[in-house]
Structures are given as C-alpha cells and as structure tokens.
Amino acid sequence: MIRENINKEIANAMKSKDANRLYVLKMIKAKFLEYKTSKGFKESDFNDVKEISILMKMEKTWKDEIDMFIKANRDVTELTERLNILQSFLPKIPSYEELKQAIIDSGYEPKPQNMKHIMSYVKDKYPAADGGKVIEIIKQMN
C-alpha cells in the first residue's frame, strides 16, 4: 500500500533534499488524508484500488495543468518532473492485449450482463486498468 510507505519516502526525500519529490509526496499524503476525512469514509474501502484511483485523478489534473502551461507558453520542466514522480507510484497500465486476455481469463462470457463480474476481475488484476477500455474490448468481442 502506497500510504504505508509515504512517511518513509517523505523522510528520504527530506534527507536527500529533493524538493520536487518531497512536494509530490506531501501532495499525495494530503489527498489521502482528504479522502480519509471525507463524509462516509470506511477504512475497509481504502484499499490499493482506491489509492491508485486517487493517484490517477491527481495525474489527470496535473496533465491538464501542464497543457494549460504549454498553451500559455510557460515553462513546464518542474511540472513535468513532478508528474513523472507521481507516475512512478502508479502501476503499469495494461495493454489492449493484456486487457483482452484478462477478460478471457475472468471465466465469464464477454456479454453486457457479465460486465460487473468481468470488470471486478480485471480491476483486481490490473488496478490501473481503464474501465472504458475494458467495456470497449468487451463490446468488440461480441
């Protein structure tokens, strides 16, 4: 779990005086804390999949910010470095072939009525899998 390692990573970043890494780690910790203090929070819901989901939302936001900076002709070197640090905490995003194989491996026939079961299997195997791509592949397999 990422959140279990964050404090150690923060200490290491402080020792190595890596300001960008420290910034990213503190932002991750803040997002996790924000989720933990949200209404209706249950510790049992805060698992690897949720951590990755939070990081993926951060990644999307930061990519959008970089795009805005580029459009405004501003330097994105530091932002890009921070995004790369954030992405180092994300698992590998599965390829089309890997997703298709996971759908087959789920043991369910790729039909809309089995979508929930297939999606659950794929997300367990590849937490960073894009649900939209999984649905698209299932539709193509019909």
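Keep in mind that what you see is a predicted model, and the values were worked out from it rather than measured.
Listed for the Asn114 side chain is no donor-acceptor partner under 3.5 Å among the backbone atoms of Pro110. Remark: the backbone N or O of Lys116 is not paired with any side-chain donor or acceptor of Ser120 at under 3.5 angstrom. Using a distance-only test at 3.5 Å, with no hydrogens or angles considered, no donor-acceptor pair links the side chain of Arg82 to the main chain of Trp62.
Looking at every heavy atom in both residues, Ala128 comes nearest to Lys92 through CB-O, 4.2 Å. Here the shortest heavy-atom pairing between Leu22 and Met14 reads CD1-CG, 3.6 Å. For Ile2 against Phe89, the heavy-atom pair with the smallest separation is CD1-O, 3.7 Å. In this structure, Ala102 and Lys125 approach most closely via the heavy-atom pair CB-CD, 4.2 Å. Residues Ile66 and Val76 come closest through the heavy atom pair O-CG1, 3.8 Å.
For Glu78 and Tyr23, the side-chain atoms include no donor-acceptor pair closer than 3.5 Å.
With respect to the salt-bridge test (charged N to carboxylate O, under 4.0 angstrom), the residues Lys63 and Asp67 do not qualify.
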Would you sort out whether Glu59 and Lys31 count as a salt bridge (Lys or Arg N to Asp or Glu O under 4.0 Å), showing the intermediate values? CA-CA 12 Å; Glu59 178 188 37; Lys31 285 293 181 186; over 6 Å; no
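Using cut-offs of 30° and 60° for the angle between ring planes, the Tyr35 and Phe41 rings count as perpendicular.
Across Leu25, Asn5, Val24, a single residue satisfies side-chain contact (heavy atoms from CB on, under 4.5 Å) together with Ile10, and that is Leu25.
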